[in-house]
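The structure displayed is predicted, hence computed values, not measured ones.
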Amino acid sequence: MNALAQSGVGRAFATPLGLFSGGYILILLAVALTAPWITPFDVTIQDLANSNAAPGWPHLMSTDEFGRDVLSRVMYGARTSLSVSATAIGFSMIVGMALGAAAGYFGGLFERAVMTIVDLTWSFPDILIALMLVAIIGPGLSSTMFAIAVAYLAQFTRLTRAQIVQLKRETFIEATINLGATPAHILSRHLLPNAVAPVIVVGMLAIGDGIILEATLGFFGLGAQPPTPSWGAMMSSGTAQLFLAPWVIIFPGLVVAVTVIAINLFGDALIRALDIRERLRGT
């Protein structure tokens, strides 16, 4: 599986769109990891004398209503938005794979119970689930991560279950069962390694959706709280300055759009490289 994933990533980078989108993602990750040291200005220090300054030197992306450098906040906001989305989707993927694998392998009453709950949550829009959970728990990064994880849990559970049900019919699984292997051994050594590739690809695509969801919650003031920079919170504060300084909302919005497009393009390149489109379509 590791060799398959590595070769798939290599083939994805070999395509023009994969190289462009993957390169952008790598650069953005590097910026997010090193943001505290490479941002040209402190992201919390206010300079009211330079508030709402137009793009130019030394503030290449302008300043906000408090005189803070927008470029620095966009760079630091990548650290917040990417970490929240990736952590939430990663947790949702792990839990969803565990539930989906157990439901698909054991079947029966457990499968019906899990899939009934999953289908109920699947019927609600992701943003509605996230808004309800954050409203109950309270605003903040932790509640945002939890809300995103729950919102996408049904997707990973359904996909993993479909993969396990399909693989369970294969001859090598029947032979393993006849040899007396335990369910834990069959799931961990044979079923999940062969089912994980589509789940990982869908998980990567879900990170893009998670960024949008985090930005939406931040826009409503339910995500990262001031003075922590996040792309959604920056766009929210920029709405008050829309006609006075439109660049305050344009730049973080543009970064969100380009990032999500890049993730989707690289995810599509990875799907083609791993040749799993038919497996995804079958679920």
Side-chain angles (χ1 to χ4, degrees), residues 1-5 8 85-130 132-133 145-210 212-213 263-264 267-268 270-283:
M1 182 59 222
N2 291 334
L4 175 62
S85 178
T87 302
I89 295 300
F91 178 79
S92 182
M93 185 168 62
I94 292 172
V95 176
M97 287 182 66
L99 286 174
Y105 184 80
F106 294 108
L109 182 61
F110 177 75
E111 180 184 25
R112 289 195 295 271
V114 169
M115 297 313 297
T116 298
I117 297 174
V118 165
D119 289 338
L120 285 174
T121 59
W122 187 263
S123 62
F124 292 96
D126 298 333
I127 181 60
L128 181 59
I129 295 175
M132 288 190 301
L133 289 174
M145 285 189 284
F146 178 76
I148 295 174
V150 173
Y152 287 96
L153 184 61
Q155 180 177 358
F156 296 114
T157 304
R158 287 171 60 93
L159 176 59
T160 304
R161 173 193 167 273
Q163 297 295 314
I164 296 299
V165 169
Q166 181 179 357
L167 289 168
K168 195 169 62 172
R169 303 190 187 103
E170 297 292 335
T171 305
F172 74 96
I173 297 298
E174 295 179 1
T176 306
I177 294 174
N178 292 331
L179 289 173
T182 62
H185 176 86
I186 295 172
L187 282 169
S188 62
R189 294 296 184 89
H190 300 287
L191 289 175
L192 281 175
N194 287 285
V196 72
V199 180
I200 290 177
V201 174
V202 171
M204 179 178 179
L205 295 174
I207 289 177
D209 296 334
I212 296 177
L213 191 52
I263 291 175
N264 288 336
D268 188 66
L270 194 57
I271 289 174
R272 295 175 183 273
L274 292 173
D275 195 25
I276 59 173
R277 188 177 297 275
E278 291 300 324
R279 295 175 64 183
L280 288 173
R281 190 176 299 165
T283 62

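- Residue pairs meeting the side chain to side chain donor-acceptor pair (under 3.5 Å) criterion with at least one partner in residues 106-119, sequence neighbours excluded, are Glu111-Arg161, Asp119-Arg158.
- Taking all atoms of both residues into account, the shortest heavy-atom contact from Phe110 to Ala103 is CE2-N, 3.6 Å.
- Identified under the ring pair (Phe, Tyr, Trp, His ring centres under 6.0 Å) test for residues 161-196, with sequence neighbours left out: His185-His190.
- Atom CG of Asp268 is separated from atom CG of Asn264 by 8.5 Å, given to the nearest 0.5 angstrom.
- Considering every non-hydrogen atom in both Leu213 and Tyr152, the closest pair reads CD2-CE1, 3.8 Å.
- Between atom NZ of residue Lys168 and atom CG of residue Leu187 there is a gap of 9.5 Å, rounded to the nearest 0.5 Å.
- Between Ile148 and Gly210, the shortest heavy-atom distance links the atoms CD1-O, 3.8 Å.
- Counting heavy atoms from C-beta on, the side chains of Phe156 and Ile94 never come closer than 4.5 Å.
- Atoms CD1 and CG, on Ile186 and Leu167 in that order, are 12.5 Å from each other to the nearest 0.5 Å.
- Note that the CD1 atom of Ile129 and the CZ atom of Phe124 stand 7.0 Å from one another [nearest 0.5 Å].
- Atoms CE and CD1, on Met145 and Ile89 in that order, are 12.0 Å from each other to the nearest 0.5 Å.
- In this structure a side-chain-to-backbone donor-acceptor pair under 3.5 Å is missing from Thr160 to Ala101.
- Closest non-hydrogen pair, Met97 versus Leu192, comes out as CE-CD2, 3.9 Å.
- Nearest heavy-atom pair, Ile207 versus Ser85, reported as atom, atom and distance to 0.1 Å: O-OG, 2.8 Å.
- Across Ala149 and Ala88, no two heavy atoms sit closer than the pair CB-O, 3.5 Å.
- Of the residues Leu153, Val150, Thr157, the one that meets the side-chain contact (heavy atoms from CB on, under 4.5 Å) test with Val95 is Leu153.
- Summarising the local packing, CZ of Phe106 is surrounded by more than 12 heavy atoms from other residues, nucleotides or ligands at distances under 6.0 Å.
- Taking CG from Asp126 and CD from Gln155, the interatomic distance works out to 7.5 Å, rounded to the nearest 0.5 Å.
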